[in-house]
Amino acid sequence: MAEEEKKSLNFLEQIVEEDLQSGKHGGRVLTRFPPEPNGYLHIGHAKSICLNFGLAAKYGGQTNLRFDDTNPEKEETEYVDSIKADVRWLGFEWAGEELYASNYFESLYQFAVTLIKKGLAYVDDQTSEQIASQKGNPNFPGEDSPYRYRTVEENLDLFSRMRAGEFGDGAKVLRAKIDMAHPNMHMRDPLMYRIKHAPHHRTGDTWCIYPMYDFAHGQSDSIEEITHSVCTLEFDVHRPLYEWFIEKLGIYPSHQYEFARLNLTHTVMSKRKLLQLVNEGVVNGWDDPRMPTISALRRRGFTPASIRNFCEKIGVAKRDNLIDVGVLDYCVREDLNKLATRVMAVLDPIKVVITNYPTDEVEELQVENNPEDENSGSRTVPFSREIYIEKDDFMEVPMKKFFRLGPGLMVRLKGAYIIKCDDFVKDEFGNITELHCSYIPESRSGSDTSGINVKGTIHWVSIQHAVKAEVRVYDRLLILEDASQVGDDFKKFINPDSLTVIPEVFVEPSLKEAKVGTNYQFMRKGYFCLDPDATAEHLVFNRTVGLKDTWVKEKSK
RNA sequence: UGACCGAUGGUGUAAUGGUAACACUACAGUUUUUGGUACUGUCAUUCAUGGUUCGAAUCCAUGUCGGUUAACCA
């Protein structure tokens, strides 16, 4: 038996394997994906999802889906539903029911009481401005709050009255008593609770005090006995605090590990910036196919497998990275090449009359559905005397290496006959409006006895059978490669051609049956799928991604 | 300027003290009834300087550069 090639492990897998070996968590692996329900998931989240679910699955563990819903002012049920749908669509299943940090509000409250009793937390009456000014700065230590040395009894009393709703928003906060001179700013008596008289999407008006991220996330991990809490690099500086709370509370020792989040060229990834694009109408909603959101990628025709492969391919490490969107394109093409049915569609038509073909004849030609899949079968495509071909498949003065149509040149019509261009018609402006060709009757596809070899094969659509459709072609959102260099100025670099609508193209009749969710390859043009905007009378196709085109390069030489 | 994280080809990710690998891109070919797919080939002495060692991308020191961090956001 051949030696199985040992695939190298990423740093998280190494940690898990070490922990498994040392029996750190009793051989258990439980991860979690903890989105805040305040926006839609994007491809960066997909990386995290694949990481968390993939890591657990690889080592026989499970993954919790836990909504980090500690800020009632920003969070909504609508987002909960879309996030669940996106995770499922990506192909992952979380352990049991979805969970919520808000499930633990009572436990969290009790944790806070415990810390107060230990003299490790206190109620502060100052304004946020006062507290901020006492924080000091990275070079200078902060100063203690005048309320820092309240008695345990007073803190207990005040905290319970905070919960009871006796104080207004912002009147008081609960802070951890750590060290106002700590070199890590997050350890300078961080806030644990704030007062918000706001209804929560799950707990309604049960609470008017809500825990901060730092006093909710780690404790939730611990309550669920998460073994490996994987998050992005910016939380690295929070880790000492994460560990401080767990240690002082003496609760389950979950551990946090950080990885570098995904950055894509020509794209912005932060929820805030994506929300801006939506709110300002730069795009038509969260699922506009130009967006890097999961819902947009789905609408655009990306498959779950292609996104999972992408996440696998880009790897995971701790250094900053900027992945070329071309890698994402590659991953969809790779997947779609194997499963997309090939069809013919002419996006920029020119009429061709096959002068020696009988006027009334229609042939039903058999065309294979997918040369990459021998089980895909074939379909029937009507052929007749008048067809459309792509305008740029003809050149009046063919350049060298142009293997298509030109005066006197021959091409194969895909699945049909070889034709020869005998003549062309120009209008008064000199535009070519029509080609006159003759076909070689013996060259019929599958029973070709003509002995003629042509270098080019082009797609076509029979005019009388053609179905009209709209096509939407997408390009990168930003003209700029690295959006991190311009910050909030990114909108100056929006690609004006990120969406091109072609109102009327001609597609073969089989596409009348096209369904949302099915991927097609328009031969020689790219991968397309039906948009949800489509109706039976008005077909709309999104271009998922173009085919690799080496001719454009050749042409420009 | 404090703390923390990081630095390997154009881009990512490996190599875990034993002589830089894989993928993408680019380029050059072969095959092809999609100028697609598939296949073949070409493209780096690892941020710098010192040190440890028979041997360093890997360990140590110093420096340089990049990132994160000082919300009653997560």
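Labels below follow one simple rule: chain letters A, B, ... track the order of the sequence lines, proteins then strands, and each chain is numbered from 1.
No engagement by A/V454 is indicated, since no non-hydrogen atom pair under 4.0 Å with the nucleic acid exists.
Atom C1' of B/U31 sits at a distance of 11 Å from the matching atom of B/U40, rounded to the whole Å. Distance noted for atom C1' between B/G18 and B/A56: 10 Å (whole Å). As rounded to the nearest Å, B/A70 and B/U62 have C1' atoms that lie 29 Å from one another. A distance of about 39 Å separates the C1' atoms of B/U64 and B/A28, rounded to the whole Å.
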| query | Quick one: what's the B/S/- string for nucleotides 64-74 of chain B, heavy-atom cutoff under 4.0 Å, read 5' to 3'? | reply | ---SSSB-BSB
| request: At under 4.0 Å between heavy atoms, which parts of nucleotides 19-27 of chain B does protein reach? Answer with one letter per nucleotide, 5' to 3': B base, S sugar-phosphate only, - none. | output: ----SSSSS
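The salt bridge (Lys or Arg N to Asp or Glu O under 4.0 Å) pairs that include a residue from residues 208-217 of chain A number zero, where partners must be two or more places apart or lie in different chains.
Out of B/U33, B/G12, B/A14, the shortest distance to the side chain of A/N10 is found at B/A14.
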| task | Take A/R148 and A/D189 through the test salt bridge (charged side-chain N to carboxylate O under 4.0 Å, His left out) and record every step on the way to the result. | result | CA-CA 9 Å; A/R148 196 172 199 258; A/D189 288 13; 2.7 Å; yes
| said: If you apply the rule side chain to side chain contact (heavy atoms under 4.5 Å, CB included), what do you find for A/F33 with A/S48, and how did you get there? | reply: CA-CA 7 Å; A/F33 174 62; A/S48 173; 3.7 Å; yes
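Contact annotation: A/R319 reaches the phosphate of B/A7 (side-chain N/O to OP1 or OP2, under 4.0 Å).
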